[in-house]
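Here the structure is laid out as structure tokens; the discussion comes afterwards.
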Amino acid sequence: MPTVAIVRGVPISFAGALCAVPADPPIDAARARAQHAGYVEALRRAGAEIVALPADDATPDCCFVEDTAVIAGGIALLARPGAPSRQAEPAAVRAALAARLPVAEMTAPATLDGGDCLRLGRRLYIGRSARTGAAGAARAREVFGPAGIEVIEVPVEGALHLKSVCSPLGDDTVLVAEGALPPGTFHGARELVVPAAEAPAANVVTIGRVALVAAGFPSIARIVAAAGFEPVAVDTSEMRKADGALTCLSILVPA
Ligand code: CIR
């Protein structure tokens, strides 16, 4: 059974997506849509089965579907994003998840963004960011603990999400932007350092031995290839203007 990748379209309103700093030049929604199509095609070629959900123009950030749920131990936890403008988004992914695995819910006032969640084997690292609070992390522990998943909280400073500066490369290796996290954050996992000048490229998506990497960053293809993965460069520069990286654009349901 292939990995299922849940993706969600880029809305017409995407130019109004949340941005830490105003995009300059402004976001080009049509270009973002073309880049999104390239990303989805790369997932498909890597062997993922694509489940494409329609965009909703009322939620400009809805293509960043990763933030709406976290999966570990065979369970999906529907998140409650920390940004009020995004709190309607998870409802649209519930059915796609429920068709494939048990779904647990999160209720106010807890908040958690999927972009703060990084699973390595039986450990789930949860970034405590401006978006993900103590109650969100506690709910994750309550849901995943009985499934044998250890939840470990990681302070996030100077970044939107934990995975804005790191991502897993298989179950025992993590890519980390230079200087972004204290060494040893991932408890003995192999940490591969991505140069600080290419920090956004520390976020990659793996499907089997294929790693989707951000186009335009010279080091990352070499780093993942040296780790035994086949790099496939994908251009998502318009999403980066809205602080979105590669993992943000999909929810992977393990095969
Ligand atoms: C936001 O600020 O919520 C969006 N503009 C970007 C979300 C990126 N998602 C992610 O890193 N998982």
Side-chain angles (χ1 to χ4, degrees), residues 5-24 26-29 31-33 35-36 39 43 53 55-72 76-90 92-93 106 111-119 124-133 136-137 140 154 156-168 174-177 180-181 194 199-206 212-214 234 236-252:
I6 299 173
V7 297
R8 194 163 183 203
V10 176
I12 292 166
S13 58
F14 185 61
L18 297 173
C19 300
V21 293
D24 182 21
I27 292 172
D28 178 336
R31 186 154 182 252
R33 210 165 294 126
Q35 290 181 347
H36 189 264
Y39 172 88
L43 287 175
L53 304 177
D56 176 1
D57 291 332
T59 50
D61 284 288
C62 67
C63 60
F64 299 123
V65 69
E66 170 182 59
D67 291 319
T68 64
V70 51
I71 295 175
L77 172 59
L78 212 59
R80 184 167 177 272
S85 66
R86 303 196 59 192
Q87 286 173 351
E89 294 177 30
V93 306
M106 180 174 291
T111 61
L112 177 141
D113 280 15
D116 275 318
C117 301
L118 185 157
R119 188 184 60 76
L124 180 64
Y125 293 88
I126 298 193
R128 287 287 308 283
S129 67
R131 300 286 179 85
T132 297
V154 179
V156 173
E157 283 151 24
L160 174 63
H161 290 131
L162 176 63
K163 281 191 292 187
S164 302
V165 294
C166 60
S167 59
V174 62
L175 292 162
V176 185
L181 296 168
V194 177
N203 182 288
V204 309
V205 172
T206 57
L212 275 56
V213 303
V234 179
T236 54
S237 58
E238 292 303 313
M239 284 74 175
R240 264 199 310 282
K241 291 180 183 175
D243 309 316
L246 293 182
T247 62
C248 316
L249 295 171
S250 54
I251 300 171
L252 300 183

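Predicted model only: the values in this text are computed from it and were never measured. Atoms within each ligand, like the ligands themselves, are counted from 1 in listed order.
Separating the SG atom in Cys117 from the CG atom in Leu112 is a distance of 4.0 Å, to the nearest 0.5 Å. Of the inter-residue distances, the one linking Ile71 atom CD1 with Ile6 atom CD1 reads 6.0 Å to the nearest 0.5 angstrom. In this structure, CD on Glu89 lies 9.5 Å from CZ on Phe64, to the nearest 0.5 angstrom. Here the OG1 atom belonging to Thr59 is positioned 5.0 Å from the CZ atom belonging to Arg8, to the nearest 0.5 angstrom.
Residue Glu66 approaches ligand 1 through these ligand atoms, each under 4.0 Å from one of its heavy atoms: 10 (C), 12 (N). Set against the non-hydrogen atoms of Gly115, the atoms of ligand 1 under 4.0 Å away are 12 (N).
The main-chain N or O of Val156 is never found under 3.5 Å from a side-chain atom of Ser129 such that the two would form a donor-acceptor pair. Between the side chain of Asp116 and the backbone N or O of Lys163 there is no donor-acceptor pair closer than 3.5 Å.
If you look at Arg86 next to ligand 1, the close heavy atoms, those under 4.0 Å, all belong to the side chain. Residue contacts with ligand 1, taken as heavy atom pairs separated by less than 4.0 Å, involve Cys248 via backbone and side-chain atoms alike.
Ranking the protein heavy atoms by distance from atom 6 (C) of ligand 1 puts Ala242 O, 3.1 Å first. Distance from atom 4 (C) of ligand 1 to its nearest protein heavy atom, with residue and atom name: Asp61 OD1, 3.1 Å. For atom 2 (O) of ligand 1, the closest non-hydrogen atom on the protein side is Arg131 NH2, 2.9 Å.
Between His161 and ligand 1, at least one pair of N/O atoms sits closer than 3.5 Å. Considering backbone and side-chain N/O atoms, Cys19 never comes within less than 3.5 Å of an N/O atom of ligand 1.
Each of Asp61, Asp67, Asp113 was scored for a salt bridge (charged side-chain N to carboxylate O under 4.0 Å, His left out) with Arg131, with one residue passing: Asp113.
For atom 9 (N) of ligand 1, the candidate residues are Leu246, Asp67, Asp243; the nearest heavy-atom contact is made by Asp67.
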